[in-house]
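Values below: all heavy atoms of this structure, side chains included; hydrogens, waters and symmetry mates excluded.
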Amino acid sequence: MFETFDRLEQTWIGQTIRESLWLFPGIEAVHLLGLAMLGGSVLVVDLRLLGAGLTRATVPAVLSSARPWFLGSLVLMFSTGIPLFLSEAIKCYYNTSFWVKMCALAIGIVFTFGVRNRIAMRRDAPRWATAMVGAISLMVWFTVAAAGRWIGFS
Amino acid sequence: MRSFVEWLDTHAWSTALHESLWMYPLIESTHVLTVMLFVGMLAMVDLRLVGLAFRNVAVSHLTGRLLPWSVAGFVIMIATGVLLFYAIPVRTYESVWFRVKVVLLIAGGINAWWFHRRVQRDRTFWDNHPKPPTAVRVAGGVSLAIWAGVIVCGRMIAYNWFDCDRDPLPFVMWMAGCVVEASM
């Protein structure tokens, strides 16, 4: 495992970012813009699942409208997050927050596409189920974001 | 103004906050993570104004139901932001990025004020329209651009390339209000 991270640290992308003054902060700023968009597109659906926010629209309608923005921000997060990771792979290897974030991220993606969106698209889903799914989604994505921020502190 | 921030810098609490092991990172993280609530919710409304999302939902329903969440986020943003400034007053005051950020914040406020005046005037005509009139779409687009700029500037305050003690270009020194100390 460590050998893999060591090799990732040596890639030309990682080296280029490390040697540049501007690249890391610039990519990080775009990563933050993605966070705002990801937060909005997750929140608007989860609030609706919890019975708040856009209550005059159906859950499937809110999800359908938010989904392209969620997918877009996810693409933006990966395309900026991976280069950031490559520039400090070894630091991440020893960083607990990084591993917490990766676990939460994997859970978040599987849960969002496998459970949350499927339940949200069903019109016969009971209230307690939609509310629970919304609450879990909020907690998982909050963990991803908070652990992500904490990578920088350690 | 300068004497005010220098006075803040002398506060024991300012130093304590700056040097604290947990409080500063916690306040900083709250400030950053609230971007999801504040800008996230606002972006959903702006995208509706531009005509790119929730096209089948009335604009008034989005503003009425999502903006309160956004405002709650904004309040947290201001509260944590003030504390972050209080912890590092002089350096932040002399940061070009911070100054641009404040200008953008004011621009965002003016844009919101202008938009709400316009909304109250003729919203009934386009409330349910999937693609609102040009002026409304421009206000939404400008809002998205301004807040994106605020986020980028906010992130850049943490880096020291343009700090006064790094002898930036004269233009930057002027913008940042650096005090040139007499050399002799």
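- Annotation: A:R122, atom CZ; neighbour count of heavy atoms from other residues, nucleotides and ligands within 6.0 Å does not exceed 12.
- Placement of B:V5 and B:W13 within a single hydrophobic cluster is found when ILVMFWY residues are connected by side-chain heavy-atom separations under 4.5 Å, directly or transitively.
- Ranked by non-hydrogen atom pairs under 4.5 Å with chain B, the options A:S65, A:G148, A:P68 are led by A:S65.
- Within a 6.0 Å radius of CZ in B:R2, other residues, nucleotides and ligands contribute more than 12 heavy atoms.
- Residue contact with chain B, scored on non-hydrogen atoms closer than 4.5 Å, involves the backbone and the side chain of A:V62 alike.
- Within the 4.5 angstrom heavy-atom criterion, no atom of B:L67 approaches chain A.
- At least one side-chain heavy atom of A:M37 sits less than 4.5 Å from a side-chain heavy atom of B:L47.
- Residues of residues 70-108 of chain A never come within less than 4.5 angstrom of chain B, heavy atom to heavy atom.
- Residue pairs meeting the salt bridge (charged side-chain N to carboxylate O under 4.0 Å, His left out) criterion with at least one member in residues 49-61 of chain B, sequence neighbours excluded, do not occur.
- Hydrophobic clustering (side-chain heavy atoms under 4.5 Å, transitive across Ile, Leu, Val, Met, Phe, Trp, Tyr) groups B:M77 together with B:V102.
- Within a 6.0 Å radius of CH2 in B:W114, other residues, nucleotides and ligands contribute more than 12 heavy atoms.
- Both A:I119 and A:L138 sit in one connected hydrophobic cluster of ILVMFWY residues. Membership requires side-chain heavy atoms under 4.5 Å apart, directly or through other members.
- Residues A:G40 and B:M44 approach most closely at C-CE, 3.7 Å, considering heavy atoms.
- No more than 12 heavy atoms of other residues, nucleotides or ligands sit less than 6.0 Å from atom NE2 of B:H129.
- The hydrophobic cluster containing A:M121 also contains A:V115, counting ILVMFWY residues as joined when their side-chain heavy atoms lie under 4.5 angstrom apart, directly or transitively.
- Atom CH2 of B:W22 sits in a sparse spot, with 12 or fewer heavy atoms from other residues, nucleotides or ligands closer than 6.0 Å.
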Report task. Please report the C-alpha distance between A:L35 and B:M36 in whole Å, then the side-chain angles of each, then the deciding distance to 0.1 Å, and finally whether the side chain to side chain contact (heavy atoms under 4.5 Å, CB included) criterion is met. Result -> CA-CA 6 Å; A:L35 175 73; B:M36 295 190 288; 3.5 Å; yes
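- Scanning both residues, A:W150 and B:P25, for their nearest heavy atoms gives CH2-CB, 3.7 Å.
- Looking at A:S64, there are no atoms closer than 4.5 Å to chain B (heavy atoms on both sides), in backbone or side chain.
- Taking 4.5 Å as the heavy-atom cut-off, the residues of residues 151-165 of chain B that approach chain A are B:I151, B:V152, B:R155, B:M156, B:Y159, B:W161, B:F162, ordered by number.
- Of the two parts of A:R149, only the side chain, counted from C-beta on, holds a non-hydrogen atom closer than 4.5 Å to a non-hydrogen atom of chain B.
- Interface residue A:A146: backbone and side-chain heavy atoms are both found under 4.5 Å from chain B.
- Residues forming a salt bridge (charged side-chain N to carboxylate O under 4.0 Å, His left out) with B:D46 (at least two apart in sequence, or on another chain): none.
- Taking chain A as the reference chain and counting heavy-atom pairs below 4.5 Å, the highest number among B:V57, B:V32, B:V39 is found for B:V32.
- A:L54 has its side chain within reach of B:H61: a pair of non-hydrogen atoms, C-beta onward, lies under 4.5 Å apart.
- For A:F2, the CZ atom counts as densely surrounded, since its 6.0 Å shell holds more than 12 non-hydrogen atoms of other residues, nucleotides or ligands.
- No more than 12 heavy atoms of other residues, nucleotides or ligands shown are found within 6.0 angstrom of CH2 on B:W69.
- There is a path of hydrophobic side-chain contacts, each under 4.5 Å, that joins A:W69 to A:F113.
- Heavy atoms of other residues, nucleotides or ligands lying less than 6.0 angstrom from CE of B:M23 number 12 at most.
- Of the atoms belonging to B:M41, heavy atoms from both backbone and side chain fall under 4.5 Å from chain A.
- Ranked by non-hydrogen atom pairs under 4.5 Å with chain B, the options A:V30, A:L47, A:L38 are led by A:L47.
- Highest contact tally toward chain B, considering only A:P25, A:A29, A:A52, A:A145, is held by A:P25 [criterion: heavy-atom pairs under 4.5 Å].
- With a threshold of 4.5 angstrom between heavy atoms, B:V35 approaches chain A through its backbone and through its side chain.
- Here the CZ-CG distance, from A:R56 to B:L62, works out to 10.0 Å after rounding to the nearest 0.5 Å.
- In this structure, the portions of A:L21 lying under 4.5 Å from any heavy atom of chain B include both its backbone and its side chain.
- The CZ atom of A:F153 lies 11.0 Å from the CG atom of B:L21; values are rounded to the nearest 0.5 Å.
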